[in-house]
2 protein chains.
Amino acid sequence: MSGKTNAVSVLDRRATRRAASRAEIVEAAWLLVREQGLAGLSMRDLGDRVGMRAQSVYSYFDSKDDIYDAMFRQGYEEQLAWMADDEGAAGGSEDPATRLRVMAHRFFAFCTSDPVRYQLLFQRTIPGFEPSSASYAVALAALEQMHAGFARAGITDPDAADLATAVLTGLTSQQIANDPGGMRWERLVDRAGTMLLREVAPHLLAKTRKPTTRVRRTP
Amino acid sequence: MSGKTNAVSVLDRRATRRAASRAEIVEAAWLLVREQGLAGLSMRDLGDRVGMRAQSVYSYFDSKDDIYDAMFRQGYEEQLAWMADDEGAAGGSEDPATRLRVMAHRFFAFCTSDPVRYQLLFQRTIPGFEPSSASYAVALAALEQMHAGFARAGITDPDAADLATAVLTGLTSQQIANDPGGMRWERLVDRAGTMLLREVAPHLLAKTRKPTTRVRRTP
DNA sequence: CTATCTTCCTGACTATGTCAGGTAAAACGA
DNA sequence: TCGTTTTACCTGACATAGTCAGGAAGATAG
């Protein structure tokens, strides 16, 4: 028994350290892209940031795109975690309109809290970069999660969901592009949610009271 | 008189040829970015495309960013031209709802007809690139033109205009990112226009008949 | 025609992504 | 503990990319 335990824990030590180094590199990459822009990431800067040569980073990642891929995956995992609390934040309320507003605010907060992450997840900034199938699967999971959230708010029709994603991404992209760090479009989130519901499910809007919809900024 | 005419026309010949070469370079840049992505533009490829060495391009433009700047300016000039016909296309109709729909379709068509242009005009794809004041002035003119178009459709409140820009850019960015060349979000443009007007100027929607809103794809 | 300006060239430099080969350290197994 | 294997880093190098410097040839002006 004790011999077996030893072998398992030692194999795990290597894997654990390697995974930690990879995570450290990805974290350093996030810091750098926030300073220099997504396409401004350089392998030499990245290596310097974690205390090794650029070429050494290649013993952890196959290519620069591989690093973007890890970041892409992590970004969508963060979205999944961030948006997973939308039921709790609504205080268990069954009111669809409130659900939608809470969800809209959460999504808005997620996107605007890290514009470069938004860029990587939702725009095609890096020529030639395509997410791996594993990372893309996480993106699809996040999209399904969004649709599930819409459905809980009474939006089940595919066209309605498309309209919803357009409105949400429009608000966030305008905020990020034209008023970074500000509130110009944030102030319109509730109104946009109401507008949307009135269009796609007006019956859900009847006699609805608007509660406070401030949500936390951290997942 | 004739001596004066001669001097003017000869100076003009040089300026004319230089301007033509610059335009040729910018046009080649558009072709290349459509093939390789906005950030994938290389000066060597660009020089090859117009029949000169990369270094020679620097006798026409100060830097790569200077070329992006010329493209940025041209892109917004194209938007100004494209959106200038929105009154004519509505057939002189005074109906605000129709105006808004026509305008929405025009903007949508402009953006989706050249995704890489959309990227340069509306996203921050190139790290460090900032438009010159001259080019930015054209962008501001295009924005004012949009606001004038909204006003003609009955949308005059700043918040309402912000909501409108969010909806329009949301539709186009979703179309470009998720269904390039398709119609998934294009099918929703009319509906989105109606939704918007119902929210910001519901009185303008009373008894409104929905005419055909197909617009031309070229300015 | 001469002088000036413009348009291109070659050569070169620094920065960047990435490959190849190798050494020292860490981990593993007996 | 020791020998072996694996891993984690290094240096050196290559091709490509943005851009500067100097210069020759062609176009233009007087």
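These values consider heavy atoms only, across backbone and side chains, with no hydrogens, waters or symmetry-generated copies. In what follows, every chain begins at residue 1, and chains take the letters A, B, ... in the order their sequences are listed.
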Trainee: What does nucleotides 9-16 of chain D look like as a protein-contact string, B for base, S for sugar-phosphate only, - for none, at under 4.0 angstrom between heavy atoms?
Mentor: SBBBB---
Trainee: Which residues satisfy the salt bridge (charged side-chain N to carboxylate O under 4.0 Å, His left out) test with B:Arg184, sequence neighbours excluded?
Mentor: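 In terms of salt bridge (charged side-chain N to carboxylate O under 4.0 Å, His left out), with neighbours along the sequence ignored, B:Arg184 is linked to A:Asp162.
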Trainee: Extract all donor-acceptor atom pairs below 3.5 Å that involve side chains of residues 23-34 of chain A and protein atoms in other chains or at least two apart in sequence.
Mentor:
residue, atom, partner, partner atom, Å
A:Trp30, NE1, A:Gln74, OE1, 2.8
A:Arg34, NE, A:Asp114, OD1, 3.4
A:Arg34, NE, A:Asp114, OD2, 3.1
A:Arg34, NH2, A:Asp114, OD2, 2.8

Trainee: Can you confirm whether or not the ring centre of B:Phe72 sits under 6.0 Å from the ring centre of B:Tyr76?
Mentor: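 Between B:Phe72 and B:Tyr76, the centre distance is under 6.0 Å.
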Trainee: Once you round it to whole Å, what is the distance between C1' of C:dA15 and CG of A:Asp48?
Mentor: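 Atom CG in A:Asp48 sits about 13 Å away from atom C1' in C:dA15.
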Trainee: Rounded to whole Å, please give me the gap between CZ in A:Arg13 and P in C:dA25.
Mentor: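 So the CZ-P distance, A:Arg13 to C:dA25, works out to 17 Å.
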Trainee: Return the 5'-most residue of the pair B:Tyr58, B:Arg17 with respect to DNA chain D, ranking by each residue's nearest nucleotide.
Mentor: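 This one resolves to B:Tyr58.
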Trainee: Just to be sure I understand the geometry, which residues of residues 25-42 of chain B put a non-hydrogen atom under 4.0 Å away from DNA chain D?
Mentor: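 Those residues whose heavy atoms fall under 4.0 Å from DNA chain D, taken from residues 25-42 of chain B in numerical order, are B:Leu41, B:Ser42.
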Trainee: With sequence neighbours left out, what residues match B:Phe61 under ring-ring contact (aromatic ring centres under 6.0 Å, His included)?
Mentor: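 Expected list: none.
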Trainee: Rounding to an integer number of Å, can you tell me how far B:Asp65 CG sits from D:dT19 C1'?
Mentor: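 B:Asp65 atom CG is separated from D:dT19 atom C1' by 13 Å.
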Trainee: Which residue pairs pass the side chain to side chain donor-acceptor pair (under 3.5 Å) test with at least one member in residues 37-46 of chain B, sequence neighbours excluded?
Mentor: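 For residues 37-46 of chain B, and leaving out neighbouring residues, the side chain to side chain donor-acceptor pair (under 3.5 Å) pairs sorted by first residue read B:Ser42-B:Asp45.
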Trainee: Quick one: A:Asp66 CG to C:dG17 P, roughly how many Å, whole number?
Mentor: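 Between P of C:dG17 and CG of A:Asp66: 14 Å.
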Trainee: Please state whether the phosphate of D:dT7, meaning OP1 or OP2, lies under 4.0 angstrom from any side-chain nitrogen or oxygen of A:Arg18.
Mentor: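 Negative; the distance criterion is not met.
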Trainee: Just jot down the ring-ring contact (aromatic ring centres under 6.0 Å, His included) partners of B:Tyr60, sequence neighbours excluded, or say none.
Mentor: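 None.
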Trainee: Can you sort out the partners of B:Asp159 under side-chain contact (heavy atoms from CB on, under 4.5 Å), two or more places apart, ordered by chain and number?
Mentor: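 B:Asp159 satisfies side-chain contact (heavy atoms from CB on, under 4.5 Å) with A:Arg187, A:Leu188, A:Arg191, B:Asp157 only.
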Trainee: List in chain and number order the residues that pass ring-ring contact (aromatic ring centres under 6.0 Å, His included) with A:Phe110, two or more places apart in sequence or in another chain; answer none if no residue qualifies.
Mentor: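 ring-ring contact (aromatic ring centres under 6.0 Å, His included) list for A:Phe110, sorted by chain: A:Trp82.
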Trainee: Heavy atoms, side chains only, cut-off 4.5 Å: are A:Ser173 and A:Tyr118 in contact?
Mentor: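 Result yes, sub-4.5 Å side-chain heavy-atom pair found.
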Trainee: Tell me: CD1 of B:Ile126 to P of D:dG18, nearest whole Å?
Mentor: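 It works out to 11 Å between those atoms.
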Trainee: Quickly work out the B:Asp62 CG to D:dT19 P distance and round it to whole Å.
Mentor: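 Whole-Å distance recorded here is 10 Å.
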Trainee: Figure out the CZ/P separation between B:Arg22 and C:dT7, and round it to whole Å.
Mentor: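 Spelled out: CZ on B:Arg22 to P on C:dT7 is 11 Å.
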